[in-house]
Every structure is written in C-alpha cells, then in structure tokens.
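Heads up: the structure comes next, in structure tokens.
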Number of protein chains: 2
Amino acid sequence: MGLSKTEIFTDQQNQIALFAKVFGHPARVAILEYLFKLNTCVCGDLVDEIGLAQPTISQHLKELKLLGLIKGNVEGTSVCYCIHKENWTKMKELMVQFLDQDINTTNCC
Amino acid sequence: MGLSKTEIFTDQQNQIALFAKVFGHPARVAILEYLFKLNTCVCGDLVDEIGLAQPTISQHLKELKLLGLIKGNVEGTSVCYCIHKENWTKMKELMVQFLDQDINTTNCC
DNA sequence: TCTATTAATCGTAATATTGCAATGTAATAA
DNA sequence: TTATTACATTGCAATATTACGATTAATAGA
C-alpha cells in the first residue's frame, strides 16, 4: 500500500501529520535551522551548507515551500529563501497544542 | 534510494526528525490523542476507536513504543497502553525548542 | 549574441512505509 | 484439555520517499 487512509481521520489530525512529516527528515530540519540561524534570507549557499546534491536540496525546499513554511524570492540568478513567519506561527500553535496535552497524574501503567 | 543520509546531520537534527516522523502519520496522531483524552490507560479498544485493521494498529503502536512515547502493560489477555510521561516531556522540550526559534523581525523576502 | 551561473525539473534506482490477510502466541474460560 | 480472546508477527502488494545524474530554464555579464 504505502497510502495513508487520511479520510478516516480528522482534518486536524491530518494537518498535524502533514507538518510532522515534513520535519521527519534531518535535511529539512537542518535547512530550517539554518534559515533561523542566519536571521535573514539565504541566497544560494544552502547546497554548500547542507551536504547533499543540488537537486536533492531543491526537492526538500520545494516540500517546505509547498507547505508554506518558507518563502522563496528570485534574486537575479539565485533564489533567496526565508521562513514564512505567519505560517510558521500558525503551524507552531497547532503542533504545540498537540504536544502540550495534559498528562494524567494518576498512574495507570 | 529512500535512505536518509543521517551521518551528515547533528544528533539533535536526527532526533527531531525521528520524533517528527512518528507523528507524520494521522493514525499515530489519533492514537496518541486518544490516549491523552482517556486520561488513563487504554486496554483493547484502540482497534475499534481508530478505523484500521488490528495488525495495522499493532504496527503503529510498536513504532510509538520503540521511540519510548508510550508504555504497554500486559493485563490478562489484553494489553494496556498509555503515554510515557517522562519521555513525552523530554520529546516535547526538544520539539518546542525547534519550533520556537526566534523569527527575525527585519524583513528580507 | 554567447557563455557562465544558479536553481528547477526529469528520470530512475534503491529503499521505506502503509495496510492487511494469514498465522502465531499467550493467557483466560469452559 | 480444549476453546476463546487479544494481540503480535510474518509475508506481501501497492505506493511513497530519498538521492542524484542529466537536462532544462532563466538571468547576468562579456
């Protein structure tokens, strides 16, 4: 199969899974951390920074862009990327809400 | 390929990716939300709750257990599951730290 | 115009994931 | 002892993901 049965889950559950999935690869985590670290847009040097081939990086960037977590601006021959603030904040709220659920204090297991 | 080049990333990046990956499927999100909602351990009714076949649920539970996010206790013929509090908290700290990075206020893109 | 540079896309191979039927296993019930 | 019940494991088919070489597209500069 390899195909998730998304229709039996809530929109929220599917959305959490979609965001989590994109963070489920260290290269994408590394790209995002780099974008945060630089504190400005990155034009070009992502391929040198992360140790993967150019088409691979391009593919990871595409997925991040598709989910709206980063923005890409064409600047001459290169492309500048940065975090999409509003969408990142929205995503963060969704994820933190999921992660921050109350854990029952009365032990069971 | 289908194989991540984990060796070129930091331990932290790989750890974030591992946790995120397990949340990258709505069934596992649903299982965890159900465990939180019940606020006690779940013995048995997970297959009825989530709409997937028993072997499929069993497999998802295995992955959650493997990462230490849930505990399973044998209780007669059934098995009771609940959130592994300490590990969940540790995981949450790692993830929130990643999600909560400062976004530069000076616009670039 | 020609060429270099940069990044996206295409094509493809290797591997991973998802889902479930069939089967195995362990504990309780009759 | 023999069901029965509850869950794990196995095996497999369908699909997804990862990675990269080759190519293409677009712009900048000579």
Side-chain angles (χ1 to χ4, degrees), chain A residues 1-9 13-14 17-32 34-35 41-67 70-82 109, chain B residues 1-9 13-14 16-31 34-35 41-67 70-82 109:
Chain A
M1 299 257 152
L3 178 63
S4 299
K5 284 191 159 182
T6 55
E7 70 280 4
I8 65 173
F9 303 106
Q13 287 164 344
N14 283 316
L18 277 180
F19 282 127
K21 202 183 214 171
V22 91
F23 298 141
H25 194 291
R28 291 189 290 260
V29 172
I31 288 171
L32 290 166
Y34 188 63
L35 288 179
C41 43
V42 173
C43 303
D45 57 345
L46 267 168
V47 175
D48 302 321
E49 182 63 22
I50 322 287
L52 292 169
Q54 180 267 320
T56 309
I57 297 291
S58 190
Q59 207 172 292
H60 285 308
L61 287 169
K62 193 181 174 184
E63 286 178 70
L64 290 168
K65 224 185 322 183
L66 205 73
L67 269 181
I70 64 173
K71 288 189 276 191
N73 273 43
V74 178
E75 199 101 348
T77 51
S78 67
V79 179
C80 297
Y81 290 101
C82 63
C109 301
Chain B
M1 295 254 153
L3 178 61
S4 298
K5 285 191 158 181
T6 55
E7 70 278 4
I8 65 172
F9 302 106
Q13 287 164 343
N14 283 316
I16 290 171
L18 277 181
F19 282 126
K21 203 184 212 169
V22 92
F23 299 140
H25 194 291
R28 292 189 290 261
V29 172
I31 289 171
Y34 189 63
L35 288 179
C41 41
V42 173
C43 303
D45 56 345
L46 265 169
V47 174
D48 303 320
E49 182 63 23
I50 321 286
L52 291 169
Q54 180 266 322
T56 309
I57 297 290
S58 190
Q59 206 173 294
H60 286 307
L61 287 169
K62 192 180 175 186
E63 286 177 71
L64 289 168
K65 223 184 326 182
L66 205 73
L67 268 182
I70 63 173
K71 286 189 277 190
N73 273 43
V74 178
E75 200 102 347
T77 50
S78 67
V79 179
C80 297
Y81 289 101
C82 63
C109 301

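In what follows, every chain begins at residue 1, and chains take the letters A, B, ... in the order their sequences are listed.
Shown here for Ile8(A) and Gly51(B), the closest heavy-atom pair between the two residues is CD1-O, 3.5 Å. The shortest non-hydrogen separation linking Leu18(B) to Leu67(B) is O-CD1, 3.6 Å. The nearest pair of heavy atoms linking Val22(B) to Arg28(B) is O-NE, 2.7 Å. Residues Ala30(B) and Ile50(B) approach most closely at CB-CD1, 3.7 Å, considering heavy atoms. Counting all heavy atoms, side chain and backbone alike, Asn14(A) lies closest to Phe9(A) at ND2-O, 3.6 Å. The heavy-atom pair separating Tyr34(A) from Leu46(A) by the smallest distance is CD2-CD2, 3.7 Å.
Looking at which nucleotide of DNA chain D each of Glu63(A) and Glu75(A) is closest to, the 5′-most match is held by Glu63(A). Across the interface with DNA chain C, nearest-nucleotide mapping of Ala53(B) and Leu61(A) shows Leu61(A) to be the residue nearer the 5′ end. Taking the nucleotide of DNA chain C with the nearest heavy atom to each of Lys5(A) and Gly44(A), the more 5' of the two is matched to Gly44(A).
Looking at Gln59(B), its side chain comes within 3.5 Å of the base of dC20(C) through a donor and an acceptor atom. Looking at Gln54(B), its side chain has no donor and acceptor atom pair within 3.5 Å of the base of dA6(D).
Remark: His60(B) is not in phosphate contact with dT17(C), judged by side-chain N or O atoms under 4.0 Å from OP1 or OP2. Contact check, Ser58(A) against dA8(C): a side-chain N or O comes under 4.0 Å of OP1 or OP2. Using a 4.0 Å cut-off, some side-chain N or O of Thr56(A) falls inside it from OP1 or OP2 of dC20(D). Put simply, Lys21(A) has a side-chain N or O that comes within less than 4.0 Å of OP1 or OP2 on dT17(D). Within the 4.0 Å cut-off from OP1 or OP2 of dA8(C), at least one side-chain nitrogen or oxygen of Tyr81(A) is found. Look at His25(B) and you'll find a side-chain N or O under 4.0 angstrom from OP1 or OP2 of dG19(C).
At the heavy-atom level, Ser78(B) lies under 4.0 Å from the strands shown only through sugar-phosphate atoms.
Separating the CG atom of Leu18(B) from the P atom of dT17(D) is a distance of 17 Å, rounded to the nearest angstrom. Whole-Å rounding puts the Lys62(A) NZ to dC20(D) P distance at 17 Å. To the nearest angstrom, C1' of dG19(C) lies 12 Å from CD of Glu7(A). Here dA7(C) presents its C1' atom at 16 Å from CG of Leu64(A), a figure rounded to the nearest Å. Taking atom CD1 of residue Ile57(A) and atom P of nucleotide dG21(D), one finds them 13 Å apart after rounding to whole Å.
The sulfur atoms (SG) of Cys43(B) and Cys80(B) lie less than 2.5 Å from each other.
At a non-hydrogen distance threshold of 4.0 Å, Leu52(A) from residues 45-52 of chain A come into contact with DNA chain D.
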